[in-house]
Structure formats: structure tokens, C-alpha cells
Amino acid sequence: MAEAPQMDVLAIAAHRDDVEQTCGGSLLVQQALGWRTAILDLTQGESGTRGSAAERAAEATEAASILRVSHREALDLPDGSLQNTIENRLKIAGVLRRLRPRVVILPYWQGRHPDHYTTATLGYEACFAAGLSKLDLPGAPHRPYKILYASLYADVRPSFVVDITPHVETRLQALLAYRSQYGNQTEGSGLFVPEEEIRERTFASARHYGLLAGVRYAEPFVLKEVALVDDLMHLPVASI
Ligand SMILES: [Zn+2]
């Protein structure tokens, strides 16, 4: 594999299509600002009810180009039974040392799907491990400066939201690239939602988070650390 250049923002998720749902708009915002964005999917989707891993790989490539990310790759961790093991931490730490992102986006640490909340802890510990100089891994030690948790599916108050209004339609197109999951289908219609439902659901949730900050559409994030303010005069979002 050709050596990827250093990335600025790396979104790590359990499944192909997770990033498209939770922080794809924010990746588009960062790309438009001139930063190099990337996605690391930890699994390849072999346990999905619909679509093979190969189909999902092709869809993920298409979605990556719609999201205009500079780089996307998938590890081979077991879909549906992700574990926070040393081996898995090292695999992710290896990618972090190669891509050297300043900002890492992880899923929020609570949720319905065990793969999602496991990714939050596994990803955090991989970020820590990647900075250990004595770790038996190729590449210079690297620790991301900032770790954000994408909290769209979590019932928590976000620390901040990103205005994705100009990109909300593109984000939807990236999600719809996963035709094996979201296309209008006759078979399995009880399990899989049609395109109109996806549109309504994703726009409603983006609208909800947008309203919290006085913009049209937004994506929410949680920080573990506090935010620091330089100038009270430039705090965004009106109080009344
Ligand atoms: Zn998922």
C-alpha cells in the first residue's frame, strides 16, 4: 500500500456507514476548510444481514468520494463482536502512527450496539498506545491532540455542534451510496428502511441539533475535557 500523507481529521467507526450517519457532514466541513480528512472502519461488514463485505467495500469507496475524504481504509476486526484487546489496539495504533491525525472522531461511549461503544474505548486506548515510544510498532510515536465523540445516536447533551447546513444533502448522498443497506428494496422491507424514511430521519435529527445552536442543520459532539475560551466577545450561539 502506498504511504498515505499525514491526515488532519480521522473518523474511526465500527462499521462502514457509521461515519456517514454520525459525522459525515463535519468531515465535509473540514474538507471545505482545506483540511485532509480520513476514515478508518474497524470491520468489513461480513456479519451484515444484507450485502456482502465486498459489496460494502465498493459502497464505502463510493461514499468516501462523495464525502471527499483523502483516505479511507478498513481493518479486519470481527463485525458484530468487536473486542477491546491488545491486538486490536495495536492494529489501530499502527494506523494512527501512519496517518498521524491531529483530531480523532470516535463514536460516543454508550449506545445500543456493542460494536459502537466498544469502538469508543478501543479507539481511545489505541490513541493512547500510539503515543508510547516503547511500543513494538513501526512508525514514530503519535498521539492525536483532540478526541471528539460523535453523539448523534446518544441521548446526551452535546458539548458542541458543527453547522453542516451547506453539506446536509451531500451527507445524505454518501449514506445512500450504501444501496445494499438503504436502497429502496422489496425484499427485507421489514428490516430495511426506504430512502424517503432515511432522508426524513437524517434531516430531522440534523435539524434538531441545528436548532440547539441557532443554525439549520448540525451534528453533535461530546468532549471529555472542558473547552477553553480566548475572548468572551466571540462566543457563538445567542443565549436569548
Ligand atoms: Zn454501526
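Positions are given from 1 along the sequence. Order of appearance sets the numbers: ligands from 1, and atoms from 1 within every ligand.
- A salt bridge between Glu20 and Arg72 is present, with a side-chain N of the basic residue lying under 4.0 Å from a carboxylate O of the acidic one.
- With sequence neighbours excluded, no residue forms a ring-ring contact (aromatic ring centres under 6.0 Å, His included) with His208.
- Under a cut-off of 6.0 angstrom, the local environment of CG in Asp136 is sparse, with at most 12 non-hydrogen atoms contributed by other residues, nucleotides or ligands.
- Remark: Lys146 engages Glu225 in a salt bridge, criterion side-chain N to carboxylate O under 4.0 Å.
- Phe160 meets the ring-ring contact (aromatic ring centres under 6.0 Å, His included) test with Phe221; sequence neighbours excluded.
- Considering only residues two or more places apart in sequence or on other chains, Asp8 meets the side chain to side chain contact (heavy atoms under 4.5 Å, CB included) condition with Trp35, Arg36.
- Nearby protein atoms of type N, O or S around the Zn ion (ligand 1) amount to 4 (distance under 2.8 Å).
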